[in-house]
Amino acid sequence: MCVARMTAVSICVLGAGVVGMTTALELRAQMPSAMTTVIADKFREATTSDGAAGIFRPGSNFSGETPEITKKWIHDSYTYYNDLYSSDHAELAGVDQVSGFMFSNISEDIVRNHLLEGLVPTYRAASEEELHIYPGGWKHGSFFTTLVTDCRKFLPWAMYRFQESGGTIQNKTVKNLMELTKEFDFVVNCSGLGARQLCSDKKMVPIRGQVLKVQAPWMKMALYAENDTYIIPSSSSVTVGGCRQYDSYDLSVSPHDSAAIKERAYRLLPALRSAPVDREWVGLRPHRSVVRVEPEVCRSPAGTLKVVHNYGHGGYGVTSAPGTARYAVKLLKELHSAGVGNSKL
Ligand SMILES: Cc1cc2nc3c(=O)[nH]c(=O)nc-3n(C[C@H](O)[C@H](O)[C@H](O)COP(=O)(O)OP(=O)(O)OC[C@H]3O[C@@H](n4cnc5c(N)ncnc54)[C@H](O)[C@@H]3O)c2cc1C
């Protein structure tokens with residue numbers, strides 16, 4: 001008697017930043033019988049995710065395909081981090097609550113955030129008194145409470161959880177997505193800026209950022225002001241920034257940027273002058289005007305590859321990764337049920 005052998009579906013998550021790792025964990029949770037492998041050429045400290053300030057705050061220009069999809073990603077992400085924050089994993093995963101102010105002298109609109117208002121526990125206008133707590137003669141301000149995720153803790157935690165649940169890791173550079181056809185039925189492409197080359201996606205643009213990581217454990221509030229000035233505490237350090245340089249690939253620390261960052265941050269919080277600087281760091285935000293989370297069936301002489309793209313989170317990848325991960329897994333399951341072009345399905 002001939003018994004047909006069932007082969008488990010094999011899935012590759014390309015990328016081990018916050019987008020790749022949240023996607024890998026979501027796959028283990030929703031498709032536990034699939035064989036899931038994370039492939040990347042950079043892990044932990046070598047990723048962009050590692051240096052992010054990690055505050056849960058989508059910019060008002062953060063966008064998915066539609067406003068409804070964008071809102072759902074942000075809602076699902078907040079629920080994910082809030083559940084972690086309320087669990088006994090919070091400390092290991094580096095998830096904490098933080099309150100803060102956002103100030104502007106230009107307009108009220110700058111300090112509002114349509115994606116956070118109504119989602120986080122507090123988002124309100126700063127009082128007249130609060131506008132004068134910090135130097136700057138601020139005309140407009142908001143006070144908020146949100147979450148902050150320290151990727152220096154989150155990425156190792158996520159990696160541990162992934163491997164513990166049966167996931168595997170490969171360290172290698174992928175030159176062409178089609179080279180993954182031999183080994184995998186599906187790929188979730190979480191390659192961040194790497195997608196520019198892998199998908200010939202010219203809409204992917206780096207937005208260079210430079211920050212200081214300082215020791216100021218006394219600083220418990222997050223502060224934002226004009227000209228990309230921010231001071232954001234998380235569990236292992238305080239991130240002081242910053243800058244946004246569109247289309248710059250320069251990964252070296254610029255002394256001019258450091259001086260400008262210090263000048264603006266010290267003006268906002270003079271006590272910061274005495275805080276020792278642990279390190280200076282540069283990262284390239286993987287920006288795309290619309291974050292790409294969509295399926296694609298790629299065909300070539302090498303075979304057929306079913307891909308779900310999940311990249312282009314720009315300056316808001318920590319904020320939005322769990323929500324886009326959930327959406328990407330939903331799309332993958334739809335491709336799976338449609339059985340597009342693969343006998344194993
Ligand atoms: C200064 C700064 C501050 C920030 N602060 C915040 C913040 O407060 N809040 C927030 O939400 N976001 C913040 N961000 C943005 C956040 O860091 C990014 O959105 C996020 O890290 C993107 O994650 P990712 O997983 O897509 O990319 P990455 O972390 O860059 O990971 C990409 C992965 O893909 C792999 N890869 C790529 N190409 C290939 C290939 N060809 N072969 C094999 N592997 C490949 C890499 O090895 C890596 O593992 C900040 C960014 C910067 C620069």
Side-chain angles (χ1 to χ4, degrees), residues 12-24 37-59 62 73-74 77-78 81 98 100 115 146-152 154-155 158-159 169-177 179-180 187-199 201 204 206-213 222 224 228 230-234 239-245 248 251 253 257 261 280-288 291-293 309-325 328:
C12 165
V13 175
L14 179 60
V18 67
V19 176
M21 290 317 301
T22 49
T23 302
T37 304
V38 169
I39 294 184
D41 56 7
K42 288 183 187 135
F43 293 87
R44 297 182 178 197
E45 282 88 349
T47 63
T48 310
S49 304
D50 175 75
I55 196 160
F56 189 95
R57 193 195 75 89
F62 176 80
W73 289 348
I74 297 301
S77 283
Y78 188 77
Y81 287 122
V98 69
L115 289 166
T146 185
L147 297 166
V148 63
T149 300
D150 186 345
C151 276
R152 199 135 267 208
F154 182 81
L155 291 181
M159 188 69 79
I169 307 279
Q170 281 182 35
N171 182 347
K172 73 170 181 189
T173 302
V174 172
K175 293 204 170 62
N176 184 320
L177 287 179
E179 74 190 57
L180 299 168
V187 172
V188 190
N189 175 19
C190 308
S191 58
L193 200 56
R196 184 178 159 90
Q197 187 263 320
L198 282 170
C199 305
D201 187 344
M204 281 301 292
I207 300 185
R208 180 184 176 280
Q210 183 167 320
V211 291
L212 316 172
K213 299 281 180 177
Y224 280 92
D228 267 315
Y230 53 86
I231 300 165
I232 299 172
S234 72
T239 304
V240 181
C243 58
R244 270 164 213 272
Q245 294 157 359
S248 167
L251 278 168
V253 170
D257 288 338
I261 290 166
E280 295 178 82
W281 179 82
V282 173
L284 306 180
R285 300 172 179 95
H287 173 76
R288 196 173 187 273
V291 181
R292 187 178 187 198
V293 190
H309 299 286
N310 184 9
Y311 65 81
H313 300 63
Y316 311 106
V318 182
T319 301
S320 56
T324 63

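For ligands, and for the atoms within them, numbers begin at 1 and follow the listed sequence. Note that this is a predicted model, so its numbers are computed, not measured. Basis for what follows: all heavy atoms, side chains included, without hydrogens, waters or symmetry-related copies. Residues take their numbers from the sequence shown, with the count starting at 1.
Panel note: side chain Tyr81, backbone Val318; a donor-acceptor pair is recorded below 3.5 Å. At least one donor-acceptor pair closer than 3.5 Å links the side chain of Ser49 to the backbone N or O of Val18. Checked by atom type and distance alone, the side chain of Thr319 pairs as donor or acceptor with a backbone atom of Ile55 at under 3.5 Å. Ser234 contributes no side-chain N or O that, together with a main-chain N or O of Val148, makes up a donor-acceptor pair within less than 3.5 Å.
Distances between N or O atoms of Ala53 and those of ligand 1 include at least one value under 3.5 Å. Not a single N or O atom of Gly283, backbone or side chain, sits closer than 3.5 Å to an N or O atom of ligand 1. In terms of N/O distances under 3.5 Å, ligand 1 is not approached by Leu14. Distances between N or O atoms of Ile232 and those of ligand 1 include no value under 3.5 Å. Polar contact check, Gly315 against ligand 1: a nitrogen or oxygen pair lies under 3.5 Å apart. Inclusion of Thr48 in the set of residues having an N or O under 3.5 Å from an N or O of ligand 1 is warranted. Considering backbone and side-chain N/O atoms, Leu284 never comes within less than 3.5 Å of an N/O atom of ligand 1. Residue Trp281 has no nitrogen or oxygen atom sitting less than 3.5 Å from a nitrogen or oxygen atom of ligand 1, judged on distance alone. Annotation: Leu198 places no N or O atom under 3.5 Å from an N or O atom of ligand 1; distance criterion only.
By heavy-atom distance, the residue among Thr23, Val211, Val13 lying nearest atom 1 (C) of ligand 1 is Val211.
Every residue was checked against the ring pair (Phe, Tyr, Trp, His ring centres under 6.0 Å) condition with Tyr224, not counting sequence neighbours, and none meets it. In this structure Arg208 satisfies the salt bridge (Lys or Arg N to Asp or Glu O under 4.0 Å) test together with Asp257, sequence neighbours excluded.
Below 4.0 Å from some heavy atom of Val18 lie the following atoms of ligand 1, by number and element: 23 (O), 25 (O).
Residue Lys172 touches ligand 1 through its backbone alone, judged by heavy-atom distances below 4.0 Å. Heavy atoms of Pro58 found under 4.0 angstrom from ligand 1: none, in either backbone or side chain. The proximity of Asp50 to ligand 1, defined as any non-hydrogen pair under 4.0 Å, does not occur for either the backbone or the side chain. Under 4.0 Å from ligand 1, not a single heavy atom of Phe43 appears.
Protein heavy atom closest to atom 26 (O) of ligand 1, with residue, atom name and distance, is Val19 CG2, 3.4 Å. Looking only at protein heavy atoms, the nearest one to atom 51 (C) of ligand 1 is Arg285 CG, 3.6 Å. Protein heavy atom nearest atom 42 (N) of ligand 1, with residue, atom name and distance: Val174 N, 2.9 Å. Scanning the protein for heavy atoms near atom 20 (C) of ligand 1, the closest one is Ser49 OG, 3.8 Å. From the protein, the heavy atom lying nearest to atom 37 (C) of ligand 1 is Ser191 O, 3.2 Å.
Atom CZ of Arg244 sits about 4.5 Å away from atom CG of Asp228, to the nearest 0.5 Å.
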